[in-house]
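This report refers to the structure that appears directly beneath it.
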Amino acid sequence: MITAVYPGSFDPPTCGHEDIIRRAAAIFAKLHVTVFTNPQKATFFSVNDRVDMLNHMVEGMDNVTVDSCQGLLVDYATERNAGIIVRGLRAVSDFDYEFTMALMNKKLASHIETVFIMTNPEYLYLSSSKVKELASLGANIGGLVPPYVETRLKDRFGYPQT
Ligand code: ADP
(Lines give C-alpha, C1' and ligand atoms only; values in the text may rest on other atoms or scores of the structure.)
Protein backbone atom coordinates (compact mmCIF):
# COMPACT_ATOMS: atom_id res chain seq x y z
CA MET A 1 0.00 0.00 0.00
CA ILE A 2 1.79 3.12 -1.23
CA THR A 3 1.05 6.57 0.19
CA ALA A 4 2.00 9.68 -1.78
CA VAL A 5 2.16 13.42 -1.16
CA TYR A 6 1.28 16.01 -3.79
CA PRO A 7 2.76 19.28 -2.53
CA GLY A 8 2.28 22.70 -4.05
CA SER A 9 1.31 26.32 -3.60
CA PHE A 10 -2.12 25.83 -5.22
CA ASP A 11 -2.64 29.59 -5.36
CA PRO A 12 -5.30 28.88 -6.55
CA PRO A 13 -5.80 25.21 -7.48
CA THR A 14 -6.55 24.79 -11.19
CA CYS A 15 -7.98 22.09 -13.46
CA GLY A 16 -4.36 21.11 -14.17
CA HIS A 17 -3.83 20.35 -10.48
CA GLU A 18 -7.16 18.51 -10.36
CA ASP A 19 -6.13 16.32 -13.28
CA ILE A 20 -2.86 15.39 -11.54
CA ILE A 21 -4.74 14.67 -8.28
CA ARG A 22 -7.22 12.34 -10.02
CA ARG A 23 -4.49 10.47 -11.85
CA ALA A 24 -2.26 10.15 -8.77
CA ALA A 25 -5.23 9.00 -6.68
CA ALA A 26 -5.81 6.23 -9.21
CA ILE A 27 -2.22 5.04 -8.85
CA PHE A 28 -1.56 5.33 -5.10
CA ALA A 29 -3.54 3.87 -2.20
CA LYS A 30 -3.55 7.19 -0.37
CA LEU A 31 -2.76 10.72 -1.53
CA HIS A 32 -2.10 13.73 0.70
CA VAL A 33 -2.56 16.99 -1.19
CA THR A 34 -0.61 19.49 0.85
CA VAL A 35 -0.43 23.26 0.64
CA PHE A 36 3.16 24.14 1.40
CA THR A 37 3.58 27.58 2.85
CA ASN A 38 6.66 29.68 2.59
CA PRO A 39 6.62 32.72 4.89
CA GLN A 40 8.97 34.47 2.44
CA LYS A 41 6.60 34.02 -0.49
CA ALA A 42 3.54 36.27 -0.72
CA THR A 43 0.44 34.47 -1.95
CA PHE A 44 -2.86 35.73 -3.28
CA PHE A 45 -5.07 33.37 -1.27
CA SER A 46 -4.53 32.51 2.40
CA VAL A 47 -3.57 28.97 3.37
CA ASN A 48 -7.08 28.39 4.74
CA ASP A 49 -8.64 29.56 1.47
CA ARG A 50 -6.40 27.27 -0.56
CA VAL A 51 -7.14 24.30 1.69
CA ASP A 52 -10.86 25.10 1.40
CA MET A 53 -10.72 25.23 -2.43
CA LEU A 54 -8.78 21.96 -2.55
CA ASN A 55 -11.26 20.31 -0.19
CA HIS A 56 -14.04 21.20 -2.62
CA MET A 57 -11.94 19.86 -5.48
CA VAL A 58 -11.36 16.44 -3.91
CA GLU A 59 -14.93 15.91 -2.72
CA GLY A 60 -15.84 12.28 -3.43
CA MET A 61 -12.22 11.16 -3.83
CA ASP A 62 -12.12 8.80 -0.89
CA ASN A 63 -8.38 8.17 -0.76
CA VAL A 64 -7.40 11.85 -0.94
CA THR A 65 -6.89 14.20 2.01
CA VAL A 66 -5.98 17.90 2.06
CA ASP A 67 -3.87 19.74 4.59
CA SER A 68 -1.10 22.30 4.90
CA CYS A 69 2.48 22.36 6.14
CA GLN A 70 5.16 24.94 6.80
CA GLY A 71 8.14 22.66 7.30
CA LEU A 72 10.35 20.49 5.15
CA LEU A 73 8.57 18.39 2.55
CA VAL A 74 10.64 15.26 3.27
CA ASP A 75 9.88 15.52 7.01
CA TYR A 76 6.19 15.86 6.25
CA ALA A 77 6.30 12.85 3.89
CA THR A 78 8.17 10.76 6.46
CA GLU A 79 5.64 11.65 9.20
CA ARG A 80 2.80 10.60 6.89
CA ASN A 81 4.58 7.38 5.91
CA ALA A 82 4.59 8.54 2.31
CA GLY A 83 7.30 7.08 0.12
CA ILE A 84 6.38 9.10 -2.95
CA ILE A 85 6.32 12.80 -3.82
CA VAL A 86 4.10 13.52 -6.82
CA ARG A 87 4.82 16.49 -9.06
CA GLY A 88 3.27 17.56 -12.33
CA LEU A 89 5.37 18.43 -15.38
CA ARG A 90 4.20 20.77 -18.08
CA ALA A 91 6.90 22.08 -20.36
CA VAL A 92 10.67 21.90 -20.48
CA SER A 93 10.56 25.12 -18.45
CA ASP A 94 9.34 23.14 -15.40
CA PHE A 95 12.12 20.62 -15.73
CA ASP A 96 15.09 22.50 -14.33
CA TYR A 97 13.31 23.52 -11.13
CA GLU A 98 11.69 20.12 -10.64
CA PHE A 99 14.93 18.26 -11.36
CA THR A 100 16.86 20.31 -8.77
CA MET A 101 14.12 19.90 -6.17
CA ALA A 102 13.83 16.14 -6.74
CA LEU A 103 17.59 15.70 -6.39
CA MET A 104 17.70 17.85 -3.26
CA ASN A 105 14.86 15.87 -1.69
CA LYS A 106 16.62 12.62 -2.61
CA LYS A 107 19.75 13.91 -0.89
CA LEU A 108 17.75 14.80 2.23
CA ALA A 109 15.76 11.57 2.32
CA SER A 110 16.98 8.76 0.09
CA HIS A 111 13.98 6.55 0.92
CA ILE A 112 11.57 8.96 -0.81
CA GLU A 113 11.09 8.94 -4.58
CA THR A 114 9.73 11.79 -6.68
CA VAL A 115 7.31 10.65 -9.36
CA PHE A 116 6.41 13.01 -12.22
CA ILE A 117 3.08 12.90 -13.95
CA MET A 118 2.93 14.55 -17.38
CA THR A 119 0.34 17.23 -17.81
CA ASN A 120 -2.76 16.55 -19.79
CA PRO A 121 -2.01 18.43 -23.07
CA GLU A 122 -5.23 20.38 -22.51
CA TYR A 123 -3.60 22.00 -19.46
CA LEU A 124 -0.11 22.46 -20.86
CA TYR A 125 -0.30 26.25 -20.71
CA LEU A 126 -2.30 26.42 -17.49
CA SER A 127 -0.75 27.84 -14.32
CA SER A 128 -2.09 29.48 -11.18
CA SER A 129 -0.40 32.75 -12.11
CA LYS A 130 -1.97 32.82 -15.61
CA VAL A 131 -5.37 32.14 -14.08
CA LYS A 132 -4.95 35.05 -11.62
CA GLU A 133 -3.83 37.36 -14.42
CA LEU A 134 -6.81 36.42 -16.59
CA ALA A 135 -9.25 36.68 -13.69
CA SER A 136 -7.92 40.13 -12.74
CA LEU A 137 -8.72 41.30 -16.29
CA GLY A 138 -12.22 39.85 -16.20
CA ALA A 139 -11.48 37.12 -18.78
CA ASN A 140 -13.51 33.93 -18.92
CA ILE A 141 -11.68 31.35 -16.80
CA GLY A 142 -14.36 28.65 -17.07
CA GLY A 143 -12.70 25.30 -17.84
CA LEU A 144 -9.37 26.45 -16.40
CA VAL A 145 -10.46 26.24 -12.76
CA PRO A 146 -13.36 24.39 -11.13
CA PRO A 147 -16.56 26.46 -10.67
CA TYR A 148 -15.94 26.96 -6.93
CA VAL A 149 -12.48 28.42 -7.55
CA GLU A 150 -13.92 30.62 -10.31
CA THR A 151 -16.44 32.01 -7.82
CA ARG A 152 -13.71 32.71 -5.26
CA LEU A 153 -11.56 34.50 -7.86
CA LYS A 154 -14.43 36.64 -9.13
CA ASP A 155 -15.23 37.52 -5.54
CA ARG A 156 -11.68 38.63 -4.85
CA PHE A 157 -11.45 40.70 -8.03
CA GLY A 158 -14.94 42.15 -7.56
CA TYR A 159 -16.48 40.79 -10.77
CA PRO A 160 -20.18 39.85 -10.81
CA GLN A 161 -20.93 36.12 -10.59
CA THR A 162 -22.66 34.88 -13.77
P1 ADP B 1 4.77 25.06 -6.66
O2 ADP B 1 4.89 26.46 -6.14
O3 ADP B 1 5.17 24.02 -5.66
O4 ADP B 1 5.38 24.82 -8.01
P5 ADP B 1 2.15 24.89 -7.91
O6 ADP B 1 0.85 24.99 -7.19
O7 ADP B 1 2.45 25.94 -8.92
O8 ADP B 1 3.22 24.84 -6.74
O9 ADP B 1 2.31 23.48 -8.60
C10 ADP B 1 2.27 22.29 -7.89
C11 ADP B 1 2.63 21.15 -8.82
O12 ADP B 1 1.63 21.03 -9.82
C13 ADP B 1 3.95 21.36 -9.59
O14 ADP B 1 4.59 20.12 -9.74
C15 ADP B 1 3.49 21.87 -10.94
O16 ADP B 1 4.42 21.57 -11.96
C17 ADP B 1 2.20 21.09 -11.10
N18 ADP B 1 1.29 21.77 -12.01
C19 ADP B 1 0.85 23.04 -11.96
N20 ADP B 1 0.03 23.30 -13.00
C21 ADP B 1 -0.04 22.16 -13.74
C22 ADP B 1 -0.70 21.78 -14.95
N23 ADP B 1 -1.41 22.65 -15.66
N24 ADP B 1 -0.52 20.51 -15.40
C25 ADP B 1 0.25 19.64 -14.71
N26 ADP B 1 0.91 19.93 -13.57
C27 ADP B 1 0.76 21.17 -13.09
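Here the structure is a predicted model, which means the values were calculated and not measured. Start at 1 and go down the list; that is how both ligands and their atoms are numbered.
Per-residue contacts place Gly16 under 4.0 angstrom from the following atoms of ligand 1 (heavy atoms of the residue considered): 22 (C), 23 (N). Taking every non-hydrogen atom of Arg87 and a distance limit under 4.0 Å, the qualifying atoms of ligand 1 come out as 1 (P), 3 (O), 4 (O), 10 (C), 11 (C), 13 (C), 14 (O). Ligand-side atoms of ligand 1 in range of Tyr123: 22 (C), 23 (N), range being under 4.0 angstrom from any heavy atom. Below 4.0 Å from some heavy atom of Gly8 lie the following atoms of ligand 1, by number and element: 3 (O), 8 (O), 10 (C). Within the listing of ligand 1, atoms 6 (O) sit less than 4.0 angstrom from a heavy atom of Phe10. Interface of Thr119 with ligand 1, defined as ligand atoms under 4.0 Å from a residue heavy atom, comprises 22 (C), 24 (N), 25 (C).
Remark: ligand 1 and Tyr6 share an N or O pair separated by less than 3.5 Å (distance only, no angle test). The shortest N or O to N or O distance between Thr14 and ligand 1 is not below 3.5 Å.
Remark: distances from the non-hydrogen atoms of Glu98 to ligand 1 include one below 4.0 Å. Under a 4.0 Å heavy-atom criterion, Ile20 is in contact with ligand 1. Distances from ligand 1 to the non-hydrogen atoms of Lys41 include at least one value under 4.0 Å. Distances shorter than 4.0 angstrom do not occur between any heavy atom of Phe116 and any atom of ligand 1.
Note: Tyr6 and His17 have tilted aromatic rings, judged against thresholds of 30 and 60 degrees for the angle between ring planes.
Side-chain atoms of Tyr123 do not come within 3.5 Å of backbone N or O of Leu144 as any donor-acceptor pair.
The nearest heavy-atom contact from the protein to atom 22 (C) of ligand 1 is Arg90 CD, 3.5 Å. Protein heavy atom closest to atom 19 (C) of ligand 1, with residue, atom name and distance, is His17 NE2, 3.4 Å. Nearest protein heavy-atom contact of atom 16 (O) of ligand 1 is Gly88 O, 2.7 Å.
Closest non-hydrogen pair, Arg87 versus Thr114, comes out as CG-CG2, 4.1 Å. Residues Ala25 and Asn63 share a closest heavy-atom pair of O-ND2, 2.9 Å. Here the closest non-hydrogen pair linking Thr78 and Val74 is OG1-O, 2.6 Å. Contact record, Ser128 with Asp11: CB-O, 3.4 Å, taken as the closest heavy-atom pair. Heavy-atom minimum distance, Arg23 versus Asn120: NH1-N, 3.7 Å.
The heavy atom nearest to atom 1 (P) of ligand 1, out of those in Pro13, Pro7, Ser9, is found in Ser9.
With contacts defined as side-chain heavy-atom distances shorter than 4.5 Å, the pair Lys132/Pro12 qualifies.
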Could you give me the CA-CA distance, side-chain angles and deciding distance for Ile117 and Ile27, then say whether side chain to side chain contact (heavy atoms under 4.5 Å, CB included) is met?
CA-CA 11 Å; Ile117 297 183; Ile27 299 170; 4.3 Å; yes

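Here the two rings, on Phe157 and Phe44, have centers that are under 6.0 Å apart.
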